[in-house]
Chemist: 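I am attaching a structure below and will ask some questions about it afterwards.
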Amino acid sequence: MRPQPPDPGSAAPEHTTTARPGAVGGSLRPAVHRWRLLAVLLAAQFMANIDTAIANIAAPAIQSDLGASGGEAGLVVSGYVVAYAVLLVAGARLGGSRGHRRIFLAGMALFTAASLACALAFDPATLVASRIAQGAGAALMVPQVLSGIQLYFTGRQRIKALGYYAIALSGGAVAGQALGGVLIAANILGTGWRPIFLINVPAGLLLLWAAVRVMPADVGEGAASAGTRAASSKAAAAASSRPGPSAPEYVRPEAVDSGPACPESARPEPAFLETAPDAAWGPLSSGPGPGPGAGNPESAHSGPACQEATSGPARDAFPSGSGSGSDPRPGTTTIVAVPDDVDVHGMALLATTVLLLIVPLLLGTDAGWPWWMWVCLAAVVPMGAEFRRSQRRRAARGGRPLIAEEVVREPAIRWSLAAHGATTMTYFALLFVLAVYLQEGLGRGPAYAGMAMISWVAAFGLAGPLLARVPSRYAAVMPAVGCTVLAGGYAAVWLYLVTGHRTGPPLFLLLGIGGLGLGISSNALIARMTFVLPDRYAADLSGVISTNAQLCGALGVATLGGGYLHLTDGGSASAAASAHALQAVLATSAVLAVLAALASQRGGRTRPTEAEPTTPVATTTTVTTTTTTTTTRPERGDP
């Protein structure tokens, strides 16, 4: 007979070792609240993804209203991405050490306040600064989404939750394109582009209210009453007399699907949650494209499913820690806290290096290339070298660097990162350039421009299911196939423009070819990288993939987007000149996609320098099957 949940005022069952901090009598939150929690988390992910794409559509309107140059409009887009990329790993680690709920609420509050500042911005500089703050809020908020899924869902329920997660990723990308165009075209009360940011304010406040109500308190948050402590002590004493406490069915009914205990070398969990594409993406990264949606680079440290199924603690609170070691309070689950290991110095050096590169590339043409811009470009190499030295020094002292040297040292990882970064670069550049081309070059409205990339996004979403049906013997060539299809999509659009066409339904359909190619290449490349290194590198690998994708996306806006602005005099050239500039961007993108195909092939031919520990054939098969499924599902919405 299924046990009934305890009444709110009753003590926790004796065989339960976890009580919700601050709850009367140590009561447990009903399992149904997990789905309310998921709704809040996915709504936050949806908002973050929308704001990755929506600013591209608004770029021409921002230029017109604020008197911004094309380069400043590019910074509105890339500033958000750079902040997100640099702070993503920090957000994940802070969630582990300070509490997922606490960091999620802080990120959502910052994101909402920054959105209001964006809507009220009176000059380009204020808008760029507000967008950077908005990206920082997203970096704090987004990594907690996959942490919540990992902590509260196992087995088939987790797969279902990740399916909803993929919908939030791809849906956010579509909504960012379409909704942005519609809101700007509506010109509500003469506010122009401002509603695209203003709409985040009531949505953010609503999510803050909902999160406070449904997100369980972090362990260690709040003060337990004397009655709670006494009840917890009794529960702990009773639990210690048993050989192995198990979770009550009403708390973790799906735990039976997680399978038997598995050894460290065979645990499937890290690969399951390390990817949520590029990006992205995500690209691990965001919807199509590596944007906020990249996933949680630290999620592999939160605890594998095989441990949940055997140890059986019923978690009603997000684990958090204030240090290492176990929780001293009786009656609570022993949790090894993730240390507060945020590489502030490394983040500052990385952000400085990136900004020294992209700011001159975006603003150089408008400013006439003054001497200080050349100094900035010259400083990129020594600053990058200093960043690498700082990472090595931190690792030598036993700290956790922002970019793990052990990960990027692997040749297969390096080649795959190069391929993934190159394809992501072309995608982010196309989002920006196409919006400026259609609105400034051809005089089409923002709603029209917002619909242009929907075929790309839809085709990207098809890549995940298609890739899952490809026979395993062809898996090694799929990254190159995807890059080749992407190059073919760029070439097809280039040919369409060369033949004298400017826009129309054929253009939108041809863009779908590129979306399919990007989806195949992103999913296949990320899946390959997850197989190269042992599981203990899962979290570091995820952080490297996410950061690489985001930074390459910002670089794509700066280089290809800046090149387009240079050829079109800031985007204000004639339709013919704008078409020629777009042709140049497409040709360059096709070449980069071909180079990415060659790099992916090179990465597929290399052999790992450090192999996984030898495991029985049956165990290896199980791990491979699980990993393939889980890397495909979360990344389905993330190029």
Chemist: If you apply the rule side chain to side chain contact (heavy atoms under 4.5 Å, CB included), what do you find for L430 with V585, and how did you get there?
Modeler: CA-CA 8 Å; L430 182 65; V585 171; 5.8 Å; no
Chemist: Please say which of L361, V359, L363, L356 ends up in a side chain to side chain contact (heavy atoms under 4.5 Å, CB included) with M373.
Modeler: L363
Chemist: In terms of the angle between their ring planes, are W456 and Y490 parallel, tilted or perpendicular, with boundaries placed at 30° and 60°?
Modeler: tilted
Chemist: Check whether any side-chain N or O of T191 sits under 3.5 Å from a backbone N or O of R194 as a donor-acceptor pair, and report yes or no.
Modeler: no
Chemist: Quick one: does any side-chain atom of S64 pair with a main-chain N or O of A61 as donor and acceptor, under 3.5 Å?
Modeler: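 Answer holds: no.
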Chemist: Using side chain to side chain contact (heavy atoms under 4.5 Å, CB included) as the criterion, point out the one residue from D51, I54, T112 that pairs with N200.
Modeler: D51
Chemist: Is there a donor in the side chain of Y448 and an acceptor in the side chain of T503, or the other way round, less than 3.5 Å apart?
Modeler: yes
Chemist: If you draw a 6.0 Å radius around CG in L442, do more than 12 non-hydrogen atoms from other residues or ligands fall strictly inside?
Modeler: yes
Chemist: Does a salt bridge link R400 with D343, judged by any charged N lying under 4.0 Å from a carboxylate O?
Modeler: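 Not counted as a salt bridge, because no side-chain N and carboxylate O are separated by less than 4.0 Å.
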Chemist: Look only at the side chain of S390 and the backbone of F387, and say whether a donor-acceptor pair between them is shorter than 3.5 Å.
Modeler: yes
Chemist: Is it true that the side chains of Q134 and R131 contain a donor and an acceptor less than 3.5 Å apart?
Modeler: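 A pair is found: one side chain offers a donor N or O, the other an acceptor, under 3.5 Å apart.
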Chemist: So, are R389 and E386 salt-bridged, with charged N and O less than 4.0 Å apart?
Modeler: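 Answer for the salt bridge query: yes.
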